[in-house]
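Working notes, beginning with the structure itself.
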Amino acid sequence: MKKLSILIFFVFTTIGYSQKKVTEPDQNKMSLVEVMVAAGISSATSTFSDNSYAADGSFFEVSSTYYFSKIGLGISLGSFSNPTEGNLLKFANEASYPIELNSEKWKTSYYGIGPSYRTNFGDIEATIFGRAGIMSVKPILLEGNFNVENADAATTIPVYNFSTNETSNVGFYNAGIRLGYKLNPNFGLYITANYMSAFSDAIIAQDGRKEFIDLNQDGEITADEIQKLGGEVQFQYTEKNIQPQVFNYGFGLSYSFGKKTTTSIEPPSRGHTNPYFVSNELEGEMVELKNSGSVVFTNASQKDKKRQQKIIGVLPKNNSIFKNADEIKNFNWQVIGAKIANPQFIIEVTKIGSNQQPQRTFIEKTTSTSLGATRIFKESNLSDGQYRWKVTETTIGNSSDIMFFTFSNCEIDFAISNEEIECLGYEGENRKFKICFDSTYSSTSGDLTFANPGSGLSVFNQTYAALTYTMVSPNPTLLTQIGASISTVSYCFEVTVPASVTSIGFGLQGDDLDPSPVLCQPGVSANFDELPDCICDDCEEMELSFDNFNISLNGASGNQFNFDGDINVNVPIYGIEFQIQSFSYTANPSACTEGVSNVEESGMFLMPGTTINGSSSFQLVNETASGSPSSNDNATKNIKYTSNSALTGAIPVNLTIGLPGPISGLDPSCCEIEYTVCIKVKVFYEESNCKSCDFTHCFNFNNQ
C-alpha cells in the first residue's frame, strides 16, 4: 500500500506540473514516435505474495508510443518473474518436521495498449501512461518432501504440493510514470515505476498438504512415524484464488524519431522546419494558390502594428532610488487592451553590472498584476547597485518594457528624460538610428563625473550585448554635472544595427562618489522596446502585384518548384531583390518525406533556372550561413537584379525554389505536401539603388 501511495503521489504531482504552460520550443523538441526498453525489479504485493509465495523478482519490457500531440497511443510487451524460494522456506520452517523443497518462479508475460501523456519541466520529460491487455501466467508446481535415510535406500515422502494445471490468460491493467532525460535528440535515459494487476483472481491453485499424527503421543512427530504413515496419509487439498499484482520499477533507454513536420508561421516567435536558417518576422496575409491568379504583396509601410495587448510597468518607476528592498513594497503593472483570460505572469528582477551583464536574478510567478517585493527577494540581503525588472505574460508571450531602479544609501537624484529615437535610414541591410535624451542630476554626496567621458555611456540590444555607437552634437563627450545644484545636459548618439536587433537600451554610469567600501555610484538607464520603422514617405503610395501567377513542379524529383509570373510596380524601378523569409510544410502521411536532407531543399533560390526580366545575371548571396560542408554556391536565400535603365510595366520573373520533397523513389502522388513560402520583394526606385521599398507575401500551395 505504501508503494502504491508513493506512485499515486508522483503521478498527481506530474499532472500538476503539466498544467503549467509548456513553451513552444519545448513542445517542438518532442518526437512523434518513441521506442523504449526497460528492466528492473518486480515487487509482488502482499495480496499476490500471501496466496502464492511470490517474492521480489525482475521484469523486462519493450514499448512504443505514437504521439498526436502531448497525448499518444502506446503498446507494451513484457514479462516479469517472481521467485518463491524465500516465502516457501518460511512455510517449511513453521512445520514440525524438516521439509526439503522444490520451487519454481511465477513467470508472466503480457501485452497491452493504452494512452500516454507527456510533458516537460526543464530538461526532464515526464510521461504518465496506462495500459490494458492480456496477461499470460505459466503453470507452477511447488513441492515439499520428507526424506528418510536408512541402510537400504533413501525414502522420499511427498508432504506438500502447490500447483496450477495450465497456462492462464487473464485481463490486466497497469498505470505508471516515467521520468526521462535526453542524452541527444534521439536517445534518452529514464526511470520508471508502474503498478500492474490482473482484473480478477480467476487463477486457481491447488494447495495440498499431508497432516501427520503423533502416534506415541510424545508431542513430536518422528521420522519413523512419518515413514509408517506416509503411504496411508492422503493429501488434503484446498483451492486458492491467485491475482497477480506487482510494482515494477527500474531504468530504461529510449529512442525517439519522427519530428513534427507541421510548423507555425505566426509572427514573430514561432519556428519552422528549416534547420539551416532562422525565420524572420513574416508580414502580409497568407493566400491559398492552386493554379494561377494575381497576387498583391503587402506594403510594409502600410502594416498595422497596433498590439491588442500591452503590459505596462507602473511601480517602481524607471530609475527610482531606494535605500533597501522594504522601501519598494510592491511591483505593480497593468495590461492595456484586450483582457487576458487566466493570465500567468513571470516577473524577473536582475542586478546588473556597469556593462549591463547580469550578476544575480530573482524570478517569481503570479496571476495578479501586483507582487510584494518581499515575496520576490524573500530573505536575501540585497547589495547596493542598479537593477532592472520586467514582466512577461506566458500565455500570449507579451512583455513589459525594461525598467530600472537602484539601491543606494547615497543622496542622489539622477534621471533620464525626453528620450527620442529617429531612424536615419539604411546602411546596406543595417538600420541607423539617432537617439537623444536629457541627463538631470543633483546630489549632496558629490558631482557626477566619468573617469572616461568617452565610455561612461553604454548602449546595448535586447540580449544586453554591447552595441557600437558614436556620440554626436550637442555634446560629443560626457560632461561633469555639479551635485550642489540641479543641472541638465542633453546628449545624442548614433548607432547602426542589423535586422536582428529589436530593441535598444542605453545607460549612464558615473564614478563612485564615496572612496570607502560603500558603493555610491550614480547610474540610470532607459530602453526603446519598439524601434521605429525605417521607411521613406515614397513607399506609402507604392503598390506591387504579381500577375499571371503560377506555381508548378520543376521536373520529376518533387522537391523543386517554379514560381512564374510578372512583377508590376506602379512607379519606374531600377532593381528588384527577392528574399526567402521562411517556409513550412505538412506532409500526408507524415512519414512520406525525410524533410530537409540537404541545403538545396531548405527553401532556396536555385540556379540555373531562376531568371529576372529574362536575365540570369544578378547578384546572389552564396549559401554559407548553414555551415554545411555541402554548401552550394548556386543556392541562395537572396538574389538581386539591377538595371541601368528604368523598368516599367510587366517584369517577367521565374524563380526556382528548392523545398523538401517525397522520399527518394516514392511516387509524388503518394505523398501530398502542403507548403507555405514567404517571400520579401525589395524594389529600388532610384538609379543609384540607394532608396527602396519592401513588400512581403506568403504563398500556400501543394505538390499535387
Side-chain angles (χ1 to χ4, degrees), residues 10-11 14-15 17-18 20-40 59-78 111-131 133 174-194 248-264 270-276 278 584-598 601-602 628 660 662-664 666 671 673:
F10 274 109
V11 168
T14 303
I15 293 174
Y17 270 104
S18 71
K20 301 180 180 179
K21 182 176 177 61
V22 178
T23 64
E24 193 72 19
D26 284 339
Q27 184 69 17
N28 287 339
K29 290 178 184 177
M30 296 180 176
S31 301
L32 289 174
V33 181
E34 190 171 29
V35 179
M36 293 147 287
V37 178
F59 82 93
F60 176 81
E61 181 179 277
V62 177
S63 60
S64 179
T65 304
Y66 181 89
Y67 287 96
F68 306 98
S69 55
K70 291 182 182 180
I71 299 175
L73 185 65
I75 59 174
S76 297
L77 302 172
Y111 60 91
I113 187 170
S116 297
Y117 173 83
R118 66 179 175 182
T119 185
N120 281 70
F121 35 97
D123 293 331
I124 302 300
E125 183 175 279
T127 304
I128 301 170
F129 61 91
R131 299 286 186 268
N174 81 332
I177 184 171
R178 286 189 294 267
L179 299 177
Y181 177 80
K182 289 291 186 183
L183 301 175
N184 58 47
N186 297 109
F187 288 97
L189 294 174
Y190 66 88
I191 58 175
T192 181
N194 69 81
N248 296 328
Y249 48 94
F251 296 88
L253 179 68
S254 64
Y255 176 75
S256 304
F257 62 93
K259 295 291 184 181
K260 294 181 180 178
T261 58
T262 301
T263 56
S264 172
R270 303 295 181 92
H272 60 81
T273 55
N274 185 348
Y276 297 110
V278 177
S584 62
Y585 61 95
T586 303
N588 183 25
S590 60
C592 71
T593 176
E594 294 177 344
V596 177
S597 59
N598 54 58
E601 296 178 4
S602 61
S628 170
I663 293 174
S664 178
L666 180 66
C671 181
I673 306 178

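Note that the numbering runs from 1 along the sequence shown for the chain. From a predicted model like this one, the values you see are computed outputs, not experimental measurements.
Heavy-atom minimum distance, Tyr585 versus Pro660: CE2-CG, 3.5 Å. Heavy atoms only, all atoms of each residue included: Thr593 and Ala587 are closest at CG2-CB, 3.4 Å. Between Ile71 and Tyr117, the shortest heavy-atom distance links the atoms CG1-CD1, 3.9 Å. Taking every heavy atom of both residues into account, Leu73 and Gly114 meet most closely at CD1-O, 3.6 Å. Residues Glu34 and Met36 come closest through the heavy atom pair O-CE, 3.7 Å. Residues Tyr190 and Gly180 share a closest heavy-atom pair of CB-CA, 3.5 Å.
Remark: Tyr255 pairs with Phe187, Phe257 by the ring pair (Phe, Tyr, Trp, His ring centres under 6.0 Å) rule, at least two apart or across chains.
Rounding to the nearest 0.5 Å gives a distance of 12.0 Å between CD1 of Ile75 and OH of Tyr111. Distance check, rounded to the nearest 0.5 Å: OG1 of Thr119 to CD of Glu125 gives 8.5 Å. Taking OG from Ser64 and CD1 from Ile113, the interatomic distance works out to 10.5 Å, rounded to the nearest 0.5 Å. Atom CG of Leu77 and atom CZ of Phe60 lie 10.0 Å apart (nearest 0.5 Å). One finds the CG atom of Leu189 at 6.0 Å from the CG atom of Leu253 (value rounded to the nearest 0.5 Å).
Judged by distance alone, with hydrogens and angles left aside, the side-chain atoms of Arg178 form no donor-acceptor pair with the main-chain N or O of Thr192 at under 3.5 Å. No donor-acceptor pair closer than 3.5 Å links the side chain of Asn194 to the backbone N or O of Ala175.
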_Before you tell me yes or no, could you show the steps for Val33 and Tyr66 under side chain to side chain contact (heavy atoms under 4.5 Å, CB included), namely the whole-Å CA-CA distance, both residues' side-chain angles and the distance that decides it to 0.1 Å?_
CA-CA 5 Å; Val33 181; Tyr66 181 89; 3.6 Å; yes
*Just do the side chain to side chain contact (heavy atoms under 4.5 Å, CB included) check on Ser256 and Lys182 with the steps written out, would you?*
CA-CA 10 Å; Ser256 304; Lys182 289 291 186 183; 2.6 Å; yes
*Full working for side chain to side chain contact (heavy atoms under 4.5 Å, CB included) between Ile191 and Tyr249*: CA-CA 8 Å; Ile191 58 175; Tyr249 48 94; over 6 Å; no
*Determine, stepwise, if the pair Arg131 / Glu61 fulfils side chain to side chain contact (heavy atoms under 4.5 Å, CB included).*
CA-CA 13 Å; Arg131 299 286 186 268; Glu61 181 179 277; over 6 Å; no
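Partner Cys671 forms a side-chain contact (heavy atoms from CB on, under 4.5 Å) with one of Ser590, Pro662, Pro589 and no other, that one being Pro662.
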